[in-house]
Number of protein chains: 2
Amino acid sequence: MTQSAKITSTDRRSDRTKAAILRAARERFAAQGYERTAIRAVASDAGIDPSMVMRYFGNKAQLFDAALAIDLRLPDLTGVPADRLAQALVRHFLERWEGDPADDALLVLMRSAVTNEQAAARMHEIFATQVAPALAAALGPEAAAQRAGLVSAQLLGLGLTRYLLRLPAVTALTPDEIERGLAPAVQAVLDPA
Amino acid sequence: MTQSAKITSTDRRSDRTKAAILRAARERFAAQGYERTAIRAVASDAGIDPSMVMRYFGNKAQLFDAALAIDLRLPDLTGVPADRLAQALVRHFLERWEGDPADDALLVLMRSAVTNEQAAARMHEIFATQVAPALAAALGPEAAAQRAGLVSAQLLGLGLTRYLLRLPAVTALTPDEIERGLAPAVQAVLDPA
DNA sequence: ACTGTAGGCCAACACGTGTTGACTTTCCAG
DNA sequence: CTGGAAAGTCAACACGTGTTGGCCTACAGT
């Protein structure tokens with residue numbers, strides 16, 4: 001039977017628009033956050049009718065949830081010498097963000113998580129399943145539990161001030177200056193006095 | 001003429017409700033951010049009609065602007081020994097925030113500034129007129145310009161993760177633990193390698 | 001007692017939102 | 001060719017929003 005051929009062809013069609021919706025949604029959520037993003041605008045960006053968004057994703061909250069399927073792609077820190085851990089972390093996030101801050105999932109999440117409970121919950125989840133384990137692998141479980149919070153505070157603080165708030169005093173710095181300035185600070189958190 | 005007496009009495013009446021509106025607005029903006037705060041809700045909290053809000057503040061944006069008249073009450077850092085600057089800063093913000101995070105103006109501002117241009121602009125202004133000068137007084141002008149950004153990133157990162165996102169790994173720490181962990185890191189930014 | 005005015009309320013408008021259901025078009029299997 | 005399902009459009013509902021203007025009420029000055 002050629003049913004499989006049929007299925008794939010039709011499924012491909014719908015999957016393509018589904019992907020277009022998701023891409024448009026990510027861009028809007030990133031630029032404006034959850035509340036200010038209108039489904040009509042997402043649909044318009046994707047070149048289809050608003051009702052298609054509902055057909056494929058159910059409702060706005062579920063669309064948001066789908067847009068937040070995130071992989072931070074944290075580097076493997078187990079091979080990094082202990083005294084260069086901080087540098088590796090700072091550099092990784094800088095590289096990630098300098099590319100295109102607007103569509104980086106972590107910044108999308110931050111922008112919405114501040115006013116939206118659903119996004120905040122997802123943030124907790126991302127932290128628990130990705131950030132904490134990566135640090136635990138490098139520092140050992142109990143040390144990581146103590147320090148992962150402050151490290152996150154430092155890195156998210158950078159993302160907040162440079163890419164979301166765009167504080168001039170932070171955007172004025174070059175990536176190199178940030179790495180040189182911030183890496184020792186993060187290292188200070190990793191190595192308790 | 002007793003006109004002055006008349007004016008003060010009537011003005012007092014209106015000023016009292018005006019203040020009530022402002023108080024309610026600050027609470028709502030703090031808890032929900034700009035977009036999710038409804039004027040009807042503010043009016044209801046203040047025990048008056050929504051149209052009174054318009055009468056006294058013009059529109060929502062101006063109400064928001066009035067709610068953001070903020071004094072960070074930064075401590076005078078000129079007398080603090082250079083090697084204790086970071087500790088003084090971290091402690092100050094912790095004390096400020098541990099009291100009642102919900103109505104601290106800086107957190108109000110952060111919550112809205114991430115999605116609202118007007119709030120972001122105000123944030124830049126607050127930084128330029130309060131944070132930067134306080135650091136300049138302690139570090140000297142050109143050193144402050146270089147490092148104020150990263151110091152702010154670290155302090156706002158703490159506020160973000162602990163009071164807005166409430167990341168468990170950060171809320172689990174006691175204020176003392178945070179001060180011990182973060183002060184050396186902030187000091188590392190203040191003292192370049 | 002009378003009157004003007006400031007303080008306040010009510011009802012409504014205009015608009016944007018998420019969401020729904022009925023209708024049309026596309027397109028492929030038989 | 002043809003039927004039927006998948007993909008997509010259209011128009012509308014129900015609701016919450018910021019905002020407006022007209023009306024009422026209390027009270028201070030004469």
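Reminder, nothing fancy here: chain letters follow the sequence lines and each chain counts from 1.
- Looking at B/Asp176 and B/Thr174, their side chains never bring a donor and an acceptor atom within 3.5 Å of each other.
- Ring geometry, B/Phe29 versus B/Phe64: the interplanar angle exceeds 60°, so the pair is classed perpendicular (tilted spans 30 to 60°).
- In this structure, the CG atom of A/Asp15 is 13 Å from the C1' atom of D/dA7, given to the nearest Å.
- As a whole-Å value, the separation of B/Arg28 CZ from D/dT17 C1' is 14 Å.
- The CE-P distance, from B/Met52 to C/dC10, rounds to 12 Å in whole Å.
- Note on A/Phe57: nothing from the nucleic acid sits closer than 4.0 angstrom, heavy atoms only.
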Write down the protein N/O and nucleotide N/O pairs, taken from nucleotides 19-25 of chain D, whose separation is under 3.5 Å; answer none if there are no such pairs.
from: D/dT19; atom 1: OP2; to: B/Lys60; atom 2: N; distance (Å): 2.8

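- No salt bridge links A/Asp45 with A/Arg23; every basic N to acidic carboxylate O contact stays at or beyond 4.0 Å.
- Using a cutoff of 4.0 Å between basic side-chain nitrogens and carboxylate oxygens, B/Arg91 and B/Glu98 are not scored as salt-bridged.
- The pair B/Glu177-B/Arg180 does not meet the salt-bridge criterion, since no charged nitrogen lies less than 4.0 angstrom from a carboxylate oxygen.
- Atom-to-atom, CZ of B/Arg36 to P of C/dT17 comes out at 17 Å; the value is rounded to the nearest Å.
- For B/Glu95, the salt bridge (Lys or Arg N to Asp or Glu O under 4.0 Å) criterion is met by no residue, not counting sequence neighbours.
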